[in-house]
Structures are given as structure tokens and as C-alpha cells.
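Reviewing the structure listed below.
It should be emphasised that the depicted structure is a prediction, and the values quoted were computed from it without experimental measurement.
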There are 2 protein chains.
Amino acid sequence: MEKKLSHSEENYLKEIFHLSGELHEKVSTNALAERLNAKASSITDMLKKLGEKKLVSYQKYKGCSLTQKGEQIAIYIIRKHRLWETFLVNKLNFGWDEVHDVAEQLEHIRSVKLINSIDELLNFPKYDPHGDPIPDKDGNINYMESKISLSETAVKSKVEVVSVDEDSMALLKYLDEIKISIGTILTIHNRISFDESMEVQIAGGNKMNISKKVADSIGVRFKSKI
Amino acid sequence: MEKKLSHSEENYLKEIFHLSGELHEKVSTNALAERLNAKASSITDMLKKLGEKKLVSYQKYKGCSLTQKGEQIAIYIIRKHRLWETFLVNKLNFGWDEVHDVAEQLEHIRSVKLINSIDELLNFPKYDPHGDPIPDKDGNINYMESKISLSETAVKSKVEVVSVDEDSMALLKYLDEIKISIGTILTIHNRISFDESMEVQIAGGNKMNISKKVADSIGVRFKSKI
DNA sequence: TTTTATTTTTAGACACGCCTAAAAATTAAA
DNA sequence: TTTAATTTTTAGGCGTGTCTAAAAATAAAA
Ligand SMILES: [Mn+2]
Ligand SMILES: [Mn+2]
Ligand SMILES: [Mn+2]
Ligand SMILES: [Mn+2]
């Protein structure tokens with residue numbers, strides 16, 4: 001009954017989960033193709049297969065979404081991914097820009113005992129090194145409340161960095177350089193309307209300019225007005 | 001130039017290494033087929049491919065052996081396998097009978113930094129939980145000297161258990177039951193010629209009977225005469 | 001040495017996961 | 001609403017790693 005899925009199938013489920021977002025929106029073939037670095041025709045093939053396995057609900061030309069079973073598996077893969085990333089950073093001193101690629105491999109290791117032991121070793125962390133929530137053993141995900149993008153914050157507000165987009169190594173390295181990490185407190189001083197960049201200041205540091213693109217990929221939580 | 005090998009190719013190299021032993025004997029197609037749970041025809045196919053890649057030297061009907069390059073890769077896979085097993089036992093409290101299957105998966109994770117970090121975390125262990133030597137970063141293997149099989153020991157001698165065959169979970173569980181582990185000191189009291197079983201005694205314990213099959217799979221080192 | 005048994009290789013096939021090119025359906029624009 | 005652009009699916013193919021069945025080579029027995 002419980003057949004093993006291939007790495008590829010697991011990756012598809014994971015990516016559908018990410019693309020469908022919290023509202024469980026339908027995911028288009030092309031969107032998946034881009035994220036999975038494959039051609040649309042390959043996606044169609046796989047969606048048919050996952051459809052037959054009842055992991056995805058799929059109708060021609062209408063996009064796809066995860067079934068309950070498919071979502072459960074996706075969440076489990078994400079749990080493993082984020083726990084491994086946390087392990088690499090907390091126990092092996094990897095940088096937060098070095099963990100994603102390895103976690104992409106480790107997330108496919110099949111051993112419930114192993115991942116639960118790692119969880120315990122790390123003391124049941126709630127967030128991974130990029131601020132993403134780690135699903136618990138039962139698949140519950142604690143999304144951080146009142147999190148918004150830095151690019152949406154009002155001038156004069158004071159916020160705490162709680163997450164960053166993990167996709168780009170270049171971004172993570174850049175954030176290291178400008179000393180922004182999870183927990184950093186930022187004061188928003190100004191927004192330049194010409195290019196939508198922002199002037200922000202790290203507590204006790206100099207003001208600096210942050211491009212729209214960077215601000216978009218930083219998640220923050222409101223702290224207080226100045 | 002340095003293309004990635006598939007899990008399957010890595011497993012073939014590893015198994016050829018194990019079967020060819022310290023003397024680098026040629027390995028037969030059938031021997032490989034049995035160990036790899038595949039049909040002989042599949043083995044032939046793969047040997048051709050590995051031959052073309054210069055990882056194996058192979059001539060029809062003559063068996064195969066690893067090239068230097070192939071051996072180097074095999075040893076690296078084995079290094080990873082044994083380090084992961086050690087990690088699981090030492091850091092995550094797995095039993096020595098629970099680690100092999102997971103290590104079969106983990107040995108294929110590609111990250112030099114990861115495995116060297118695990119090595120460091122474990123303080124550069126020399127032997128894995130089954131007493132097998134862990135190749136170092138440069139591929140050097142420190143085979144334990146003067147190690148012999150328990151079944152070859154003389155009556156009245158006193159030996160220390162230094163390794164056990166890791167292949168059978170049943171054996172490892174049985175050894176747990178009769179309290180034999182790496183480091184256990186055994187005194188050989190008698191050998192029953194009828195079935196070649198042996199009477200041995202753990203320091204401060206009762207005498208017990210060990211079958212030939214079990215004795216064959218225990219490696220020991222001479223301690224002293226009684 | 002001839003015959004028989006065993007081992008190994010070839011031949012042909014299949015599932016998987018991907019691809020390109022072309023057709024079909026959907027969506028956007030005129 | 002008809003036409004054009006975009007998205008998605010189908011059709012056909014390819015490399016990998018496996019299999020079965022049959023042929024060939026080698027090893028063992030007579
Ligand atoms: Mn990641
Ligand atoms: Mn992450
Ligand atoms: Mn093992
Ligand atoms: Mn071992």
C-alpha cells in the first residue's frame with residue numbers, strides 16, 4: 001500500500017506545496033516547470049502519474065493541487081529539509097548560504113527514527129536558519145504571525161528580521177556582508193520613490209540603502225514606532 | 001571531466017571493493033550479482049559502462065577489478081558509510097543493528113564539507129560501530145593488525161572482540177542479547193569438535209556456547225594466555 | 001578428450017523521467 | 001466575436017538501470 005516515492009516525485013509534491021501557498025491555490029504546469037527546471041511536457045507526464053497515485057488532483061488544462069495525502073508527504077519532506085538545514089548550521093557550523101543544496105539531498109533520506117532524533121538533538125527547533133517554520137512530527141506548521149515583507153513596511157517603523165528567502169545564495173551572502181541576519185532590528189528611515197529602494201539602519205549602525213529586490217526577500221515583524 | 005556517478009554506480013564500486021578484498025582479487029559477475037541483488041546480465045551491462053569510464057578494468061568472462069580511480073571512489077563511499085554509522089550510534093543513540101540501512105542511503109550524499117564536518121564532530125574516529133576501519137580524508141585505511149576470527153582462536157586463549165560482521169541484523173541483535181560487543185574480553189574454554197561450536201566466557205560472566213557461524217563473524221585480537 | 005554443467009554475455013524488452021516538435025485548448029487582443 | 005498569443009497536452013524518442021530468455025564461453029566431469 002505505502003509505496004516509496006522517487007526523489008523526483010517527492011520534489012514535485014514539495015514544489016506544488018510551495019507554489020500553491022497557504023491558500024491552496026491551483027498550480028499551473030508552467031510554474032512548476034520553471035521551479036523544477038524541467039519542460040512543461042515533463043510536468044504533464046508526472047502530474048498524470050501523481051494523479052493516478054491520488055497524491056495530486058489534476059484535470060487537464062486546469063492546473064493541479066495536492067490531495068490531503070500528497071500534502072502530508074510534502075510537509076514531511078519540508079520538515080526533513082528544514083531540520084537538516086538547522087542541523088548543519090547549529091551543529092556543524094555551516095553558513096546559512098551553504099545548507100540548502102545539501103538539504104535538497106538529505107530531505108530524501110528515509111528514516112523516521114533518524115529525523116526525529118535530529119529533531120530531538122536540536123531541541124525541537126521551531127524555525128530553520130532562514131526563519132521558515134519547521135513542521136512538527138504530526139505535520140503541523142506554525143506560520144509566524146504578523147510577518148510582512150520589509151518592502152511593505154511604513155517609514156519610521158522599527159522591525160525585527162524574522163525570515164529571508166532561502167533560494168538565492170547570492171542574497172544570503174550579501175545579507176551576511178551588510179550584517180543582516182535573523183533577529184536583526186531595523187529602523188526604516190526613508191523610501192526612495194524613484195527605484196523603491198529603502199534607507200534602513202541596523203540598531204547602532206549606519207544607515208544603508210536596500211534595493212526593492214532585497215527588501216522583497218526579507219520578512220519582518222513590527223517592533224514599534226521610533 | 002569529473003562527472004557525478006549514480007547511486008547505482010557507486011554501489012557497484014563499493015561492492016567490487018568489498019569482494020576483491022585486501023589482495024585485490026578479481027571479482028566474478030555472479031558474486032556481484034548476489035551481493036547487489038541483481039541478475040548477472042545487469043552486472044555485465046554495468047561493468048561495461050564502468051569499464052568505459054575507466055573505473056573498473058573488465059574483460060569479458062574474466063571478472064573485474066577496480067582501477068585506481070575506481071578504488072578511490074569506493075573508499076570514499078565507504079568512508080561516508082562508516083562515518084554516518086558512527087554518527088548515528090555515537091550522537092543519536094542508534095543501536096549498532098539499526099545503522100546500516102540508513103547509512104546505505106547517507107553514503108550517497110555529496111558534500112565534502114558535510115562529511116568532513118561529521119568526521120570532526122566525532123573527533124576523527126578510527127573505527128565504526130562494527131569495528132571496521134574508517135578511511136581518512138585521503139583514503140588511507142588502517143586495517144587492524146593481528147585481527148583474527150574468533151573461530152580460529154586456540155583453546156585457553158584470552159581475546160578482545162574488535163569487530164563483528166555488520167551484514168546481519170539478526171547477528172547484531174543476538175550479540176546484544178548475549179552481551180558481546182566491541183571491547184568485550186572473551187576466554188576460550190573449549191571447542192566442541194562435533195559441530196565446531198565453542199565455549200567462551202565473558203570476563204566475570206557465565207560460560208556460554210557459541211556456534212561456528214557466530215564465531216566466524218566475530219573478529220578478535222589476542223590478549224594473553226589464561 | 002569429449003561431454004556436461006556452470007558461468008557469463010547477448011538480445012530484446014520495459015518502467016522511469018526527461019526531451020523536442022507538433023497539435024490542441026485556453027486566454028488575451030483586435 | 002474573430003483572430004492572435006500563450007499555455008498545456010500529445011506523440012514519439014532517448015538514456016539509465018533493470019529484467020528474461022537464449023546463445024556463447026569457460027570450467028568440471030566422465
Ligand atoms: Mn532550503
Ligand atoms: Mn530553509
Ligand atoms: Mn554498514
Ligand atoms: Mn559498519
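Under the 4.0 Å criterion applied to side-chain N and carboxylate O atoms, A:K14 and A:E104 are assigned as salt-bridge partners. For B:D101 and A:K113, the salt-bridge test fails: no basic side-chain N is under 4.0 Å from an acidic carboxylate O.
D:dG12 atom C1' lies 11 Å from atom CG of A:D45, rounded to whole Å. Between the NZ atom of A:K39 and the P atom of C:dA22 there is a distance of 15 Å, given to the nearest Å. Counting to the nearest Å, the P atom of D:dT7 and the CG atom of A:L47 are 17 Å from each other. Regarding B:Q59, its CD atom lies at a distance of 14 Å from the C1' atom of D:dA25, rounded to whole Å. Counting to the nearest Å, the P atom of C:dT7 and the CD atom of B:E34 are 11 Å from each other. Separating the CD1 atom of A:I43 from the C1' atom of D:dT8 is a distance of 12 Å, rounded to the nearest angstrom. Rounded to whole Å, atom P of D:dA27 lies 12 Å from atom NZ of B:K26. Computed from coordinates, the B:K62 NZ to C:dT6 P distance equals 22 Å when rounded to whole Å.
One finds no side-chain N or O of B:Y58 lying less than 4.0 angstrom from the OP1 or OP2 phosphate oxygen of C:dT8. The side chain of B:Y61 contributes no N or O atom lying less than 4.0 Å from OP1 or OP2 of D:dA23.
Counting non-hydrogen atoms under 4.0 angstrom, B:T29 reaches the backbone sugars and phosphates but no base. Among the protein residues, A:S8 comes within range of the sugar-phosphate backbone only, with heavy atoms under 4.0 Å from sugar or phosphate atoms but none that close to a base. At a threshold of 4.0 angstrom between heavy atoms, the contacts of A:K48 are confined to the sugar-phosphate backbone, with no base atom among them. The residue A:S42 sits close to a base: some heavy atom pair falls under 4.0 Å. Note on B:S41: a base of the nucleic acid sits closer than 4.0 angstrom, heavy atoms only.
For the residue pair A:S6/A:S8, the side-chain donor-acceptor check at 3.5 Å is not satisfied. Using modelled atom types, one finds no donor on one side chain facing an acceptor on the other under 3.5 Å when comparing B:N30 with B:S28.
Projected onto DNA chain C by closest heavy-atom contact, B:N30 and A:A40 fall at different nucleotides, the more 5' of which corresponds to B:N30.
For B:K60, taking side-chain heavy atoms from C-beta onward, the closest of the listed nucleotides C:dT10, D:dT9, D:dA25 is C:dT10.
Annotation: A:F87 is in aromatic contact with B:F87 [ring centroid separation under 6.0 Å].
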